[in-house]
Amino acid sequence: MTNTNERAEKGHWWILTALILGVIVGLVVNKTGGSESWAASFQFIGDLFLRLLKMVIVPLIFSSIVVGIAGLGKIEGFGRLGAKTFGYYALTSFFSIVVGLAVVNLVKPGLTNGQPDPEILAIIQNQSAEKLAAAEMKMESATTVGLGVVPDLLQRMIPPNILAAASNNSAMLALIFVALMTAFALAGMTGAPRDHLLGFFEGLNTLTLIITKWIMKTAPIGVFGLIAAIVAKTGLDIFGKLAAYFFTVVAALGIHLFIILPLVLYLVARVKPWRHFSAMRPALLTAFSTASSSATLPVSMRCIQENAGVSKRVTSFTVPLGATVNMDGTALYECVAVLFVAQVLGQGMDFAGQFMVVVLALMTSIGVAGVPSASLVAIIIILNNTGIEGAAGAIAAILAVDRPLDMARTAVNIFSDSCGAVVIANSEGEELEPLRS
Ligand code: ASP
């Protein structure tokens, strides 16, 4: 094993220790009172770490894409790469939704003896007026979002102002689009202008990778802050209230993460899945702690290139795009959440209704941003479009247990993106030595 891998291994243990410590300290604070002020201090530490990660996203993504594509000087085969990548996204998202659908229909977390669970119903009906009003407002504004997924994507992709897009972390799709255009144009240029520009982007890329490495050294402190803040604020009591729902989501995510995706890795990419898990550990832990695919992006790009051995060309194309549009965990979650709400409100769905949920979950997961709790809007859109009524209380209740589930689904989102990079790299004939040995 290389030195880099050894260091990554150690980094991963520190992050894991910090995570466990965060849970313990958070619990102690939660039980002994005064959690508000402690939580605020922990949150402050966690926020600083998040800021550091977000700080490098724009230069890292832009320079990686330009160098990864223009650096090789050949852009043939790019259509093929794109088609394969989108094929992977669509298929794995579909698999994940089917897993969610199967598990929620099997467990039926919203029902007891075939009837809406009275305890859960009571929780939903007893939401405070304040929370209900907030959920209702969200529902009303979401109805107008509509389902123009493709036009919406196209609009988000083409920025009216390049500089504004480059200074906006949430305009990721636009950034990728401009970086791809820059890379294609640069690949067609010759002589000094090309060399100067390419040299600049290569320098910028190396520079941001060095800074990312530094930032990752602070990850244990940041992760501790993020986790301790959440646990100090909420404790573990929330699990009790909607336990069946909680464990249904976790079981379905677990099946996708530990069975379906490893099978894809093994059967399609012919690599050892456990090696890939180990390569991706720092990214998985960061995704889990931050609940944000976007913030995890710098870490996943590093893990995929340095630990899994995927080329810069494939990484820089598939991973930023994946973090923005490929969300297996989110798609699965949307499906389980909507069917759970339907069950508990006694508005069970027939096959046609469930099929509609599958299609809508597939489409809306593409548009969900890689930030915490982003799927909530998608869930509301699906509820509105499938005609489920009186769901505001359920939305408020789901929101109360959302954070830990968000952490889990974000880790699945990130892992699926990384598997996509491996599958595409394998199909392009790359060695992927660390994952095969
Ligand atoms: N937090 C998720 C992510 O960043 C999105 C979501 O499902 O809310 O990937």
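For ligands, and for the atoms within them, numbers begin at 1 and follow the listed sequence.
- The list of salt bridge (Lys or Arg N to Asp or Glu O under 4.0 Å) pairs with a residue in residues 83-112, not counting sequence neighbours, reads Lys84-Glu428.
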Which pairs of donor and acceptor atoms, one on a side chain in residues 418-425, lie under 3.5 Å apart (sequence neighbours left out)?
{"from": "Ser418", "atom 1": "OG", "to": "His276", "atom 2": "NE2", "distance (Å)": "2.8"}
{"from": "Ser418", "atom 1": "OG", "to": "Phe415", "atom 2": "O", "distance (Å)": "2.7"}

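- Between Phe86 and Tyr89, the two ring planes are perpendicular [angle over 60°; tilted spans 30° to 60°].
- For Thr212 against Pro298, the heavy-atom pair with the smallest separation is CG2-CB, 3.8 Å.
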Taking distance alone, no hydrogens or angles, what donor-acceptor pairs closer than 3.5 Å link side-chain atoms of residues 49-56 to residues at least two apart or in another chain?
none

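- Here the CG atom belonging to Asn326 is positioned 10.0 Å from the OG1 atom belonging to Thr85, to the nearest 0.5 angstrom.
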Anything under 3.5 Å between an N or O on ligand 1 and a protein N or O? List each pair with its distance, or write none.
{"from": "ligand 1", "atom 1": "1 (N)", "to": "Ala291", "atom 2": "O", "distance (Å)": "3.0"}
{"from": "ligand 1", "atom 1": "1 (N)", "to": "Val371", "atom 2": "O", "distance (Å)": "3.0"}
{"from": "ligand 1", "atom 1": "1 (N)", "to": "Asp406", "atom 2": "OD1", "distance (Å)": "2.7"}
{"from": "ligand 1", "atom 1": "1 (N)", "to": "Thr410", "atom 2": "OG1", "distance (Å)": "3.2"}
{"from": "ligand 1", "atom 1": "4 (O)", "to": "Ser293", "atom 2": "N", "distance (Å)": "2.8"}
{"from": "ligand 1", "atom 1": "4 (O)", "to": "Ser293", "atom 2": "OG", "distance (Å)": "3.4"}
{"from": "ligand 1", "atom 1": "4 (O)", "to": "Gly370", "atom 2": "O", "distance (Å)": "3.3"}
{"from": "ligand 1", "atom 1": "4 (O)", "to": "Val371", "atom 2": "N", "distance (Å)": "3.4"}
{"from": "ligand 1", "atom 1": "7 (O)", "to": "Thr330", "atom 2": "OG1", "distance (Å)": "2.6"}
{"from": "ligand 1", "atom 1": "7 (O)", "to": "Ser375", "atom 2": "OG", "distance (Å)": "2.6"}
{"from": "ligand 1", "atom 1": "7 (O)", "to": "Arg409", "atom 2": "NE", "distance (Å)": "2.7"}
{"from": "ligand 1", "atom 1": "8 (O)", "to": "Ala374", "atom 2": "N", "distance (Å)": "2.9"}
{"from": "ligand 1", "atom 1": "8 (O)", "to": "Ser375", "atom 2": "N", "distance (Å)": "2.9"}
{"from": "ligand 1", "atom 1": "8 (O)", "to": "Ser375", "atom 2": "OG", "distance (Å)": "2.9"}
{"from": "ligand 1", "atom 1": "8 (O)", "to": "Arg409", "atom 2": "NH2", "distance (Å)": "3.1"}
{"from": "ligand 1", "atom 1": "9 (O)", "to": "Ser293", "atom 2": "OG", "distance (Å)": "2.5"}
{"from": "ligand 1", "atom 1": "9 (O)", "to": "Asn413", "atom 2": "ND2", "distance (Å)": "2.9"}

